[in-house]
**Q** 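Below are the structure tokens for one structure; questions will follow.
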Amino acid sequence: GSEMCIRDRINSLLTTFILVLCLCCVTHTQAQNKPITLVSSNALTGPAAGLGTKLTQGANVYFSKVNNQGGVAGRPIKLITLDDGYEAFRTVVNTHDALKKFDFFAFFNYAGTPNSLMMMPIITKHKVPYLTPFTGAEFLRTPVQPYIFNLRSSYHQEAKAQIDYLVTQVKAKKIALLVQADEFGVTVEHGYLMAMKQHGIKPIVTTRYRRNTHDIDLVLDIMMDHKVDAIAFVGTYEPLIQLIHQAYHQKFTPFFTTVSFISSNDLFTGIEVPAKVLVTEVVPNPSQCTYVVCQEFLQDIKQYKDVLPEQVVFEGYLNAKLFVEVAKLCKLSLARACLLKELSHFESNFGGLKVKFTPTNHQGLSDIYFSFFDHKT
């Protein structure tokens, strides 16, 4: 009888042990299969809607490919996208909502300088990685912030490339600045002023207009009065198109330049008059580029009819690629601390594009490319 009792006891203990083991396996498998969630707030509606939409498309093309191949260490990547209409207060509301509702890994592909400025205290307080924001703002770069990593070149680098071009190639003597009245305008204007100082010149005139509006009729009169031969513009693409059209109809044809916050594709598609326009870009034009990563991108978007082979989509794709490559280095122990540590000394060649981060430089790329509008007729 006592033998039976001991055997029953052993069997009971074995059953319990096996059950616990199974539960542990299930929990481990669930953790392994649990999505790696990223939260993105950017403009999916409003005057900058093209940016958020295209960034998201590009990122999702790459994430879908990775998920179809089994994800990162068996975990799929999930991108939650929230629309802020390029209004900074909505970015903050979206972010606070996300912090309450979702268990997520990082902020990803946020767009806009004023929007990023409002995010700074939230990032610091919650210690959440802020990855690949769509802005070249200097405050995201210097001083180096432990939770912030930029892939794109800075607005100061873009502004310098434009001023150098206007002075040396266009031989512009009277350069005017037309600046959106907000933090975006301030940061790019500072870049222009620094670059102009290197050439020993100052803007002939600087005018401002309100963000998310088109009120530029008065601006045009001021520019014409000063007989400017080049206008460096900071803002969204719709008011710039309006300015170019109105200038042409008044037989005023200065050279226009602007930074990569404006999608050259959206801008050039909208211009219906002869004009001279330069957009500085932070990634190459994938349709004209010979790098392996450009070919890979063109191949991956073939199955998506609504995805264009242009720079903003390509940037979203590269941002996703960067996240995946670094996340892979953490293997099964993917945690925020590991990702930040790996990012801070990540160096790689993305099929032709050399990406490099160091503990003292949280910006992975530094090249500037030119897109010209050359509609002559």
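Values reported hereafter were calculated over all heavy atoms of this structure, with side chains retained and with hydrogens, waters and symmetry mates removed.
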**Q** According to a hydrophobic-cluster definition based on side-chain heavy atoms being under 4.5 Å apart (Ile, Leu, Val, Met, Phe, Trp, Tyr only), do Val66 and Leu151 belong together?
**A**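 Linked, Val66 and Leu151 end up in one cluster.
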**Q** Using 30° and 60° as the class boundaries, would you call the ring planes of Phe372 and Tyr165 parallel, tilted or perpendicular?
**A**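 Correct class here is tilted.
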**Q** Roughly how far, to the nearest 0.5 Å, is CD1 of Ile222 from OG1 of Thr206?
**A**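 One gets 10.5 Å once the value is rounded to the nearest 0.5 Å.
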**Q** Any chance the rings of Tyr130 and Tyr110 have centres within less than 6.0 Å?
**A**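 They qualify: ring centres under 6.0 Å apart.
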**Q** Kindly give the heavy-atom pair with the smallest separation between Val179 and Val186, and that separation in Å.
**A**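 Scanning both residues completely, I find the closest heavy atoms to be CG1-N, 4.4 Å.
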**Q** Please set out all donor-acceptor pairs under 3.5 angstrom arising from side-chain atoms of residues 54-61, sequence neighbours excluded.
**A**
| from | atom 1 | to | atom 2 | distance (Å) |
| --- | --- | --- | --- | --- |
| Lys54 | NZ | Ser263 | OG | 3.3 |
| Lys54 | NZ | Asp266 | OD1 | 2.6 |
| Lys54 | NZ | Asp266 | OD2 | 3.1 |
| Lys54 | NZ | Glu310 | OE1 | 3.0 |
| Thr56 | OG1 | Gly52 | O | 2.8 |
| Asn60 | ND2 | Thr56 | O | 3.4 |

**Q** Using atom types as modelled and distance alone, determine if a side-chain donor or acceptor of Thr358 lies under 3.5 Å from a backbone N or O of Thr360.
**A**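 Indeed, once roles are kept as given, a pair shorter than 3.5 Å links the two residues.
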**Q** I need the minimum non-hydrogen distance between Ala161 and Ile368, along with the two atoms involved.
**A**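 Answer, listing the atom of Ala161 first, then Ile368: CB-CG2, 3.8 Å.
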**Q** Checking side-chain contact (heavy atoms from CB on, under 4.5 Å) for the pair Ser154/Gln363: CA distance, chi angles, key distance, verdict?
**A** CA-CA 8 Å; Ser154 74; Gln363 177 186 297; 3.7 Å; yes
**Q** Any side-chain donor paired with an acceptor under 3.5 Å for Thr81 and Ser40?
**A**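 No donor-acceptor contact under 3.5 Å links the two side chains.
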**Q** Would you mind listing every ring pair (Phe, Tyr, Trp, His ring centres under 6.0 Å) that reaches into residues 177-207, with sequence neighbours excluded?
**A**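 Output for this query lists Tyr155-Phe184, His156-His190, Phe184-Phe261.
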**Q** Just checking, any donor-acceptor pair under 3.5 angstrom between side chains of Thr91 and Asp84?
**A**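 A pair is found: one side chain offers a donor N or O, the other an acceptor, under 3.5 Å apart.
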**Q** Take Tyr86 and Asn115 through the test side-chain contact (heavy atoms from CB on, under 4.5 Å) and record every step on the way to the result.
**A** CA-CA 7 Å; Tyr86 186 45; Asn115 314 64; 3.6 Å; yes
**Q** Strictly distance-based, threshold 3.5 Å: is any side-chain N or O of Ser348 a donor or acceptor partner for the main-chain N or O of Val355?
**A**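 Pair absent, no side-chain N/O of Ser348 close to backbone of Val355.
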